[in-house]
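In what follows, a single structure is set out as structure tokens and then discussed.
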There are 2 protein chains.
Amino acid sequence: MTDPVFQRQSKAIASSHRLQILDWLKDPRQHFAPQIDGDLVEDGVCAARIEEKLGLAQPTTARHLSVLVDAGLIVPKRIKQWTFYRRDETAIAMFRNSLANHL
Amino acid sequence: MTDPVFQRQSKAIASSHRLQILDWLKDPRQHFAPQIDGDLVEDGVCAARIEEKLGLAQPTTARHLSVLVDAGLIVPKRIKQWTFYRRDETAIAMFRNSLANHL
DNA sequence: ATCGAATATCCATATATTGCAATATCGCAT
DNA sequence: ATGCGATATTGCAATATATGGATATTCGAT
């Protein structure tokens with residue numbers, strides 16, 4: 001009934017900043033310069049790159065990213081001292097289906 | 001880019017109570033007893049019926065309903081001293097499409 | 001005109017979210 | 001071990017949202 005996962009996901013997308021992040025991550029190559037230690041598509045985009053593009057402070061950006069991770073919409077990957085984030089397309093597709101049901 | 005309508009709609013559904021309301025309104029006859037002054041399907045469901053089913057106070061329920069109205073997801077219809085609410089299926093379908101784009 | 005029922009609005013409180021500064025942690029290099 | 005860059009966490013102020021009591025408004029009935 002009150003699916004907690006769906007709840008977190010719908011709250012996660014109820015923010016323009018987080019929607020912006022999800023949108024950028026659709027096509028990382030189009031929005032971010034190539035990286036050295038992680039492949040933009042395979043591993044995801046470095047948190048620092050997202051931060052500077054967002055224009056918010058580092059802790060704030062980290063919080064937004066963790067909300068998206070907790071909702072299962074993006075996946076973090078730690079490589080050396082960096083964390084890369086990429087979309088979880090499967091989870092997002094399931095969420096879209098859930099929306100079709102709940103709406 | 002930051003579509004205000006989409007913003008309000010995604011915030012509107014980021015609430016279990018409001019999702020619950022939207023769900024009940026999918027099939028009013030299944031969830032509510034027949035009404036005298038307004039047809040459950042044609043006109044919508046009386047606010048008082050929604051209120052008692054939700055179990056929240058009258059002002060709180062009214063607020064939730066107005067959030068959904070402001071988002072354009074449901075339509076109010078005033079008949080005599082009652083207000084009936086029904087889903088705006090067209091707007092909801094458009095919202096679902098927007099979600100497909102934004103997600 | 002007055003009353004009662006239904007709904008909307010106003011106000012105050014409680015909780016949640018957003019934002020940033022400061023700080024802690026992690027991982028690599030020296 | 002020390003330092004440095006990147007990320008995570010904490011603490012706090014500002015803002016937003018949720019909730020319900022009190023009140024106003026609306027509308028029909030008397």
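Atoms considered below: every heavy atom in the structure, side chains included; atoms not considered: hydrogens, waters and symmetry mates. As the structure is a prediction and not an experimental result, all values here were calculated from the model. Proteins come first, then strands; the chains are lettered A, B, ... in the order of their sequence lines, and each starts at number 1.
- Between the NZ atom of Lys77(A) and the P atom of dA6(D) there is a distance of 20 Å, rounded to whole Å.
- Results of the side chain to side chain contact (heavy atoms under 4.5 Å, CB included) test with Asp43(B) over Val41(B), Asp39(B), Leu40(B), Val45(B) single out Asp39(B) as the only residue that passes.
- Atom pair Glu51(B):CD and dA18(D):C1' shows a separation of 16 Å (rounding to whole Å applied).
- Leu68(B) places its CG atom 16 Å from the P atom of dT7(C), with the value rounded to the nearest Å.
- For the pair Asp43(A) CG and dT7(D) P, the computed distance is 13 Å after rounding to whole Å.
- Using a 4.5 Å heavy-atom cutoff, the side chains of Phe32(A) and Ile50(A) are in contact.
- Protein atom CD1 of Ile36(B) is 20 Å distant from nucleotide atom P of dC27(D), rounded to whole Å.
- One atom, CG of Asp70(B), and another, C1' of dA8(C), lie 13 Å apart when rounded to the nearest Å.
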>> I'd like to know whether Gln9(A) forms a side chain to side chain contact (heavy atoms under 4.5 Å, CB included) with Ile92(A), so could you lay out the CA-CA distance, the side-chain angles of the two residues, the decisive distance to 0.1 Å, and finally the verdict.
In response: CA-CA 9 Å; Gln9(A) 290 175 333; Ile92(A) 291 175; over 6 Å; no
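- Annotation: cation-pi pair Lys77(B)/Tyr85(B) absent, no NZ/CZ under 6.0 Å from the ring centroid and within 45° of its normal.
- Contact annotation: Thr83(A) side-chain N/O to dA8(D) OP1/OP2 distance is under 4.0 Å.
- A parallel orientation is assigned to the rings of Phe6(A) and His102(A), their planes being inclined by less than 30° (bins at 30° and 60°).
- At a threshold of 4.0 angstrom between heavy atoms, the contacts of Tyr85(A) are confined to the sugar-phosphate backbone, with no base atom among them.
- A continuous path of Ile, Leu, Val, Met, Phe, Trp and Tyr side chains, each step under 4.5 Å between heavy atoms, connects Leu56(B) with Ile74(B), placing both in one hydrophobic cluster.
- In this structure, Arg87(A) contributes its side chain and Leu22(A) its backbone to a donor-acceptor pair below 3.5 Å.
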Between N or O atoms, less than 3.5 Å apart, protein on one side and nucleotides 15-20 of chain C on the other: list the pairs.
unit_1: dT18(C); atom_1: OP1; unit_2: Arg18(A); atom_2: NH1; d: 3.4
unit_1: dT18(C); atom_1: OP1; unit_2: Arg18(A); atom_2: NH2; d: 3.2
unit_1: dT18(C); atom_1: OP2; unit_2: Arg18(A); atom_2: NH1; d: 3.2
unit_1: dG19(C); atom_1: OP2; unit_2: His17(A); atom_2: ND1; d: 3.4
unit_1: dG19(C); atom_1: OP2; unit_2: His64(A); atom_2: NE2; d: 2.6
unit_1: dC20(C); atom_1: OP2; unit_2: Ala57(A); atom_2: N; d: 2.8
unit_1: dC20(C); atom_1: OP2; unit_2: Thr60(A); atom_2: OG1; d: 3.2

> What string of B, S and - do you get for nucleotides 25-30 of chain C 5' to 3' if you count protein non-hydrogen atoms under 4.0 Å?
Replying inline: --SS--
